Asks: 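If you scroll down you'll find the structure; I have some questions about it.
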Amino acid sequence: MSTTVANQKASAGKVAAQEVLGLTGNEAAAEALKQVNPDVAAVFPITPQTELMHKFAEYVANGAVDTELINVESEHSAMSATVGASAAGARAVTATSANGLALMWEIVAIASSLRLPIVMPVVNRAISGPLNIHCDHSDTMGCRDLGWIQLYSEDSQEAYDNMIQAFRIAENKSVMLPVMVTFDGFIISHTMERVEIISDDKIVRNFVGEYQPENYLLNAQHPVTYGPLDLPDWLFEHKRQEIQGFLNAPEVIKQVGREYGEISGRSYDLLEKYRMDDAEVAVVALGSTAGTAKAAVEELRAEGVKAGLVKIRCFRPFPGKEICAALAKCKAVSVMDRCISFGLEGGPVFNEIRGAAYGAGLKVPMVSHIYGIGGRDINVTQIRGVFEELKKLASGGKIEAVESYVGLRE
Amino acid sequence: MAAKIYGICWHGRGGQGAKTAATMVADVALTQGKYSQGFPEYGPERMGAPVRGYTRISDAPITIHSSLESCDAVVVFDDTLLDVVDVCDNLVEGGPVVVNTAKGLDEVKKSLKLKSGQKVFTVDANKIGLDEIGRPIPNVPMIGALMKVTDLLPTDSFAHDIEKKFGRKFGQKVVDGNNRALKRAYDEVKAG
């Protein structure tokens, strides 16, 4: 089933024709990979990511792409092969979830420290144990300090769009950092929904461009070494250079988001402000919950409540200043985390925003709501419940607990 | 304000095709210019265990990503589920429950905890599946029955999706059988 739609913005001249497809998040990400046609893909199955690379392997098998597909024996090997291919000068990808990400941890940090522009979709799933295959953000939040750019996707459309943009961001010469594109396991990865795909693969390939590695192992004219011993005399300087990549990244991410808008009609920024202009109570969320929160905001707005949402798309680099500016006029804020930071009051996103708020002089009452652990459902009614708490805080109520839980039996 | 979202809850047992039905109706809705989602409720996946599928259809983009809090129609693939699951629990007032059963309407009604105005419809989809497809697989016939009851999508619009889902895997005979089964259930579904 597919319908070619004349895009409404086609009159602007540049927006490409799109095809409407019913795709799961995994299929949408695989479609993006197909259109980009990377040089090397290292693949290893893990639920809920498995179908993504399964689908991409079909594209390799039927000749839709000429990617070198490497079947590896573990995620540690998957990331190692990807690092090797990228260092050799190839555009290289892999994909994983949860414990797969945990197993490749060591090499995940090496990929970023070697400044290799690898792109990796991570289908969010709870880190075991006990064993759970469903969505939370404990996998990608856990590696937020390993030096990867992290883009969170709200739905299958964003999974597709973010995958395409990720290559341009990673490979930008002033960035040269690997990018993780995340989307929620099952909730997005296995839900079939409406996705608009750029009809012509060539337009996507032109947008992403030919990968031009600068210093690579297969360049015999300029031999280089990757990953040598880096002792106290130099490691600090090299880490400072890595910091510079992150300092340069926000402008590049925004620029790529604008340019992508020109070809697709869908522009992207570091965050999305939804009904925030006059919002008095706001939640901050990322991933699929941001979409569910939009429905809650709409219901509350219809009832006269000035509710809003800040959706974080880019979590690394962290757009703290932009988030605080968006929240500046609010009277109460909840940061919703699908992840627990054990031993710390409030989830990881909450603590980063509260830290940024101190620097920005933002003194709004702010609470942390932990939800959705291990795939626990989060619905509109529950998010409305969060807004009810915020309304009380906004009218002078006291914060009884900084950290509280949504959808938990106690 | 967002447009109305029409929600369907599919109750089946693992292996009966509840996921296929939920995504097929969503997929066909897209061809009719609608926005849609189709997804199963993931839990332990075992042949024969109670499973659920969900479909959302709307004229506007759907941003909600949770299971359905309430639904506008319920489809039950196996009447033995009626003793195990309260299928009417989150069905709207006056909404239809379409049950695959060989039993009479009155008997089915006794097994349901019907609330204000909820209506029951029955069809013997296992028999239709056996006759037309050669297997008692109720998912496509139950789509036909639901379309009769709700008038959501034209039955003709399913032919392309049936071909896409079953053509390559099972061949033309199964495709034809499913098309016949869908139309037969559309004709044979009985109102309570």
Side-chain angles (χ1 to χ4, degrees), chain A residues 1-3 5 19-25 47-48 132-135 153-158 183-196 274 287-303 309 311 371-372 375-384 407, chain B residues 1-5 7 10 18-45 51-71 90 153 157-168:
Chain A
M1 190 283 313
S2 71
T3 326
V5 290
E19 205 174 348
V20 175
L21 297 174
L23 298 179
T24 64
T47 303
N132 180 298
I133 57 170
H134 293 274
C135 175
S153 317
E154 179 187 318
D155 52 22
S156 298
Q157 182 70 61
E158 291 194 4
F183 49 96
D184 288 348
F186 291 108
I187 302 162
I188 299 302
S189 68
H190 286 62
T191 289
M192 194 227 78
E193 59 184 356
R194 187 184 190 278
V195 181
E196 285 187 19
Y274 189 83
S288 65
T289 305
T292 308
K294 284 175 183 172
V297 166
E298 287 300 325
E299 285 188 12
L300 289 162
R301 284 276 172 174
E303 294 161 20
L309 161 79
K311 177 179 93 183
Y371 73 96
R376 177 66 50 85
D377 203 17
I378 176 92
N379 59 34
V380 173
T381 304
Q382 289 169 322
I383 297 173
R384 289 188 56 140
Chain B
M1 190 60 206
K4 155 90 184 139
I5 297 172
W10 308 82
K19 179 189 170 185
T20 300
T23 54
M24 185 179 280
V25 170
D27 208 19
V28 170
L30 287 180
T31 65
Q32 304 299 303
K34 308 270 187 193
Y35 291 80
S36 66
Q37 293 174 343
F39 55 103
E41 181 176 74
Y42 282 95
E45 289 163 60
V51 292
R52 269 172 218 208
Y54 298 107
T55 307
R56 284 192 178 97
I57 299 173
S58 178
D59 289 326
I62 301 167
T63 65
I64 299 175
H65 283 99
S66 67
S67 55
L68 266 60
E69 290 190 65
S70 81
C71 56
N90 65 349
L153 301 162
S157 60
F158 284 86
H160 184 76
D161 233 56
I162 286 173
E163 162 73 35
K164 192 177 82 175
K165 281 223 161 81
F166 304 120
R168 221 175 71 186

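These numbers were taken from a predicted model, which means no experiment stands behind them. Chain naming here is simple, since letters A, B, ... match the order of the sequence lines and numbering starts at 1 in each.
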Asks: Could you check whether any side-chain N or O of A:Thr292 sits under 3.5 Å from a backbone N or O of A:Val380, counting only pairs where one atom can act as donor and the other as acceptor?
Replies: no

Asks: Can you name the nearest heavy-atom pair linking B:Gly38 to B:Thr23, along with the distance?
Replies: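 That would be O-CG2, 3.5 Å.
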
Asks: I'd like to verify something: which residue of B:Arg56, B:Gln37, B:Lys19, B:Glu163 has the highest number of heavy-atom pairs under 4.5 Å with chain A?
Replies: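 Most heavy-atom pairs under 4.5 Å with chain A: B:Gln37.
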
Asks: With a 3.5 Å distance limit and no angle check, can you tell me whether B:Glu41 reaches the backbone of B:Tyr54 through a side-chain donor-acceptor pair?
Replies: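 No: the side chain of B:Glu41 does not pair with the backbone of B:Tyr54.
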
Asks: Quick one: which of A:Asp184, A:Thr24, A:Thr191 has the most heavy-atom pairs under 4.5 Å with chain B, could you say?
Replies: A:Thr191

Asks: Please flag which part of A:Gln382 lies under 4.5 Å from any non-hydrogen atom of chain B: side chain, backbone, both or neither.
Replies: neither

Asks: Supply the atom-to-atom distance A:Thr381 OG1 to A:Glu299 CD, rounded to the nearest 0.5 angstrom.
Replies: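 Separation between the atoms: 7.0 Å.
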
Asks: Using non-hydrogen atoms and a 4.5 Å limit, figure out which bit of A:Ile187 sits close to chain B: side chain, backbone, both or neither.
Replies: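 Backbone plus side chain of A:Ile187, per the 4.5 Å heavy-atom cut-off to chain B.
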
Asks: Would you confirm whether B:Ser58, through its side chain, and B:Ile5, through its main-chain N or O, come within 3.5 Å as a donor-acceptor pair?
Replies: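 No; zero donor-acceptor contacts below 3.5 Å.
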
Asks: Counting only non-hydrogen atoms closer than 4.5 Å, does A:Leu23 touch chain B with its backbone (N, CA, C, O), its side chain (CB onward), both, or neither?
Replies: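 Contact with chain B involves no heavy atom of A:Leu23 at all.
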
Asks: Side chain, backbone, both or neither: which part of A:Asp377 has a heavy atom under 4.5 Å from chain B?
Replies: side chain

